[in-house]
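Single-structure report; data block below.
Quick caveat: nothing in here was measured; it's all calculated off a predicted structure. By convention in this document, chain letters (A, B, ...) are assigned in the order of the sequence lines, proteins followed by strands, and residues within each chain are numbered from 1.
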2 protein chains.
Amino acid sequence: MSEKKRGRPRAFDAKVTLEKAREVFWDRGFAGTSLDTLSAATQLNRPSLYGAFGDKEALYLDVMEAYRAESMDVLADALDPSLPLRDNLANVYKSALKIYLHGDTAARGCFLISTATAEAIQHERVRDLLRRSLADFDDAIEQRMALAVERGELPEGSDVHMLARLASAVMHSLAVRARAGDSRRTLEALAKSGIDMICGKA
Amino acid sequence: MSEKKRGRPRAFDAKVTLEKAREVFWDRGFAGTSLDTLSAATQLNRPSLYGAFGDKEALYLDVMEAYRAESMDVLADALDPSLPLRDNLANVYKSALKIYLHGDTAARGCFLISTATAEAIQHERVRDLLRRSLADFDDAIEQRMALAVERGELPEGSDVHMLARLASAVMHSLAVRARAGDSRRTLEALAKSGIDMICGKA
DNA sequence: ATTATTTTATGCGAAACGGTACAAAATGAG
DNA sequence: CTCATTTTGTACCGTTTCGCATAAAATAAT
C-alpha cells in the first residue's frame, strides 16, 4: 500500500476523518460549519486538519469527492444487470432513501444537493465537482438503460439519454423533499410513480 | 392603505429591501451572507435592518416567503386554464428556467432549493417553510391536472396527485442542474422530455 | 413650542472566525 | 546516539461576525 514515511506517524485515519467531517457539513452546510466544529467532530486540532487537507474549501472538496465515489459504488450495486431494469430503479431509489432519510434531528437528504448547491455560485470548484457528480450518475443509469434496450426491456428506439436523466430527476426530487421533511411514505410513493412512468405501469 | 404613523418615516421600501436581500442570499446562501453584506446591498445600516425585520434568520424567512408567494403567482399565470395542459407545463418550465438561468457569475437555480435546503436541518422554521412551499407548488399543478382529466386532456382515472408531483420533480431537477452549471440547451431538453412523459409523446 | 414616537447613524463590544507560528513529540535514516 | 522529517498541541493573530447601546433626526399629536 503505502511505504513507511519518515517523520512522526499520523494518529488518525484520513478516510475516517473525512467521514466525520462529512457528518458535520451534511447537517450544517459548508458556510455554516466552523473549523472549531470540524476540529471537535474529527478530534483533530486545526493545524492537523490544515496540514492533512488544506483549508476549509479543500477539505470540503475532498468530502464531496468521497461522497461522489461512494454514491457511484452504491449506484453500481443497485444497477446489477442480472436483475430487471425495474428492480434496478427500485433499488436505486431504495438505497437513496436509506441515505436521505437518515439523520439525528431531521432527514438530511443528499449531501451534494443539500449543501453543495448553496456554495456553487461562490466556489467554482464546488460547482464543477457538483456538475460532474450529477453527470456521472446520469451516465451510469443511461448505460444500464442502453443495455435494457438491447435486451428488450425497453422499447426499441427509446431515448435512453433522456430516460436516464428523468430517472435522475426523480432522485433529485427525493433528495430535496427528504431534506424538506417529507415523510418516507410520501417519498416512496414518488419513487414508485417514477418507476412506473419510466418503465411503464407494471 | 396604511395610515400615517407617528414617528420618523422610513426612508426605504420594505419590499424593495427584501428583493435586494434576496439577491445576496441567492448567490451566497444564508450562512454565507453577513449582515455587513446585506447592509451594503440594501443600503440600510444594520440597526435599521434589525428594526425592520428582526435578526438574520427572520429576514431570511421573510425573503423566503416573498419568493414563495411570487413563485405561486408565476405558476398561476403559467397554468392558465384556457390553454392546453401541455402548453401549461411548457410555460411552467420556461418561466422557471428564465429565473434559474439568470445570474451574474453563474446561473443561480431556485432560491429555495439552492439555499434553503442547506439550512433546513439546523433551522426548523426554514425547513417547514420550504416544505410548505414545495407542497403549495405540487397542489397548484395537481389542481390544474384534475381539471385536465375532467376535460379529457388526461386519461380518465389518471393519478393526478402523483402526476403533479412528477411534474414538480422535473422542475426540482432543473433547479439543481441549473445551479450546477448545466447548459440551457440541456435543461430545455429535460423539460421537453418531462412534458412528453407526463402528457404523452406529442 | 413641546412632547411622544419612530427611524437613522455612529460606533462599540464580546465572541467567533479562518488560518498560522512555534515548539514539543514521535518516528526513520545514518 | 544524532539528525532530519513529519505530526501534534498550544497559543496567538488580525479580521469578521452578530447584535445592541446610544444619541441625533424626523415626524405626529397636543
Just the atom pairs and distances: protein N or O near nucleotides 11-17 of chain D's N or O, under 3.5 Å.
residue, atom, partner, partner atom, Å
D:dC12, N4, A:Arg46, NH2, 3.4

Kindly state each residue pair satisfying ring-ring contact (aromatic ring centres under 6.0 Å, His included) with at least one member in residues 101-137 of chain B, sequence neighbours excluded. B:Trp26-B:Phe111, B:Phe30-B:His123, B:Tyr60-B:Phe111, B:Tyr67-B:Phe111
Looking only at the side chain of B:Arg8 (C-beta and beyond, no hydrogens), which of the listed nucleotides C:dT10, D:dA25, C:dT27 gets closest? D:dA25
OP1, OP2 of D:dT8 versus side-chain N and O of A:Asn45: anything below 4.0 Å? no
Sort and list the pairs that fulfil side chain to side chain donor-acceptor pair (under 3.5 Å) and have at least one residue in residues 45-57 of chain A, not counting sequence neighbours. A:Asp36-A:Arg46, A:Asn45-A:Ser48
Please enumerate all residues that pass side chain to side chain contact (heavy atoms under 4.5 Å, CB included) together with A:Ala78, with sequence neighbours excluded. A:Asn91, A:Val92, A:Ser95
Donor-acceptor contacts under 3.5 Å from residues 162-172 of chain A side chains, at least two apart:
residue, atom, partner, partner atom, Å
A:Arg165, NE, A:His161, NE2, 3.3
A:Arg165, NH1, A:Glu142, OE1, 2.9
A:Arg165, NH1, A:His161, O, 3.0
A:Arg165, NH1, A:His161, ND1, 3.3
A:Arg165, NH2, A:Asp139, OD1, 2.9
A:Ser168, OG, A:Asp138, OD1, 2.5
A:Ser168, OG, A:Ala164, O, 3.4
A:His172, ND1, B:Ser173, OG, 2.8

What is the distance, rounded to the nearest whole Å, between atom CD of B:Gln43 and atom C1' of C:dA9? 15 Å
With respect to the phosphate group of D:dT7, does any side-chain polar atom (N or O) of A:Arg10 fall under 4.0 Å of OP1 or OP2? yes
Which residue pairs pass the ring-ring contact (aromatic ring centres under 6.0 Å, His included) test with at least one member in residues 74-98 of chain B, sequence neighbours excluded? none
Tell me whether B:Asp73 at atom CG has more than 12 heavy atoms from other residues, nucleotides or ligands lying less than 6.0 Å away. yes
Starting from the 5' end of DNA chain C, give me the residue, B:Gly7 or B:Ser48, whose nearest nucleotide shows up first. B:Gly7
Base, sugar-phosphate, or nothing: which does B:Ala11 touch, judged by heavy atoms less than 4.0 Å apart? sugar-phosphate
Out of C:dG19, D:dA4, D:dG9, which nucleotide sits closest to the side chain of A:Tyr50? C:dG19
Short of 4.0 Å, heavy atom to strand atom, which residues of residues 12-25 of chain A count as contacting DNA chain C? none
Contacts of A:Glu23 that satisfy salt bridge (Lys or Arg N to Asp or Glu O under 4.0 Å) - sequence neighbours left out: A:Arg108
Between side-chain atoms of residues 180-187 of chain A and protein atoms elsewhere (two or more places apart, or another chain), which donor-acceptor pairs fall under 3.5 Å?
residue, atom, partner, partner atom, Å
A:Ser183, OG, A:Thr186, N, 3.1
A:Ser183, OG, A:Thr186, OG1, 2.9
A:Arg184, NH1, A:Glu188, OE2, 3.1

Nearest-nucleotide wise, let me know which of A:Leu44 and B:Ala31 is further upstream toward the 5' end of DNA chain D. A:Leu44
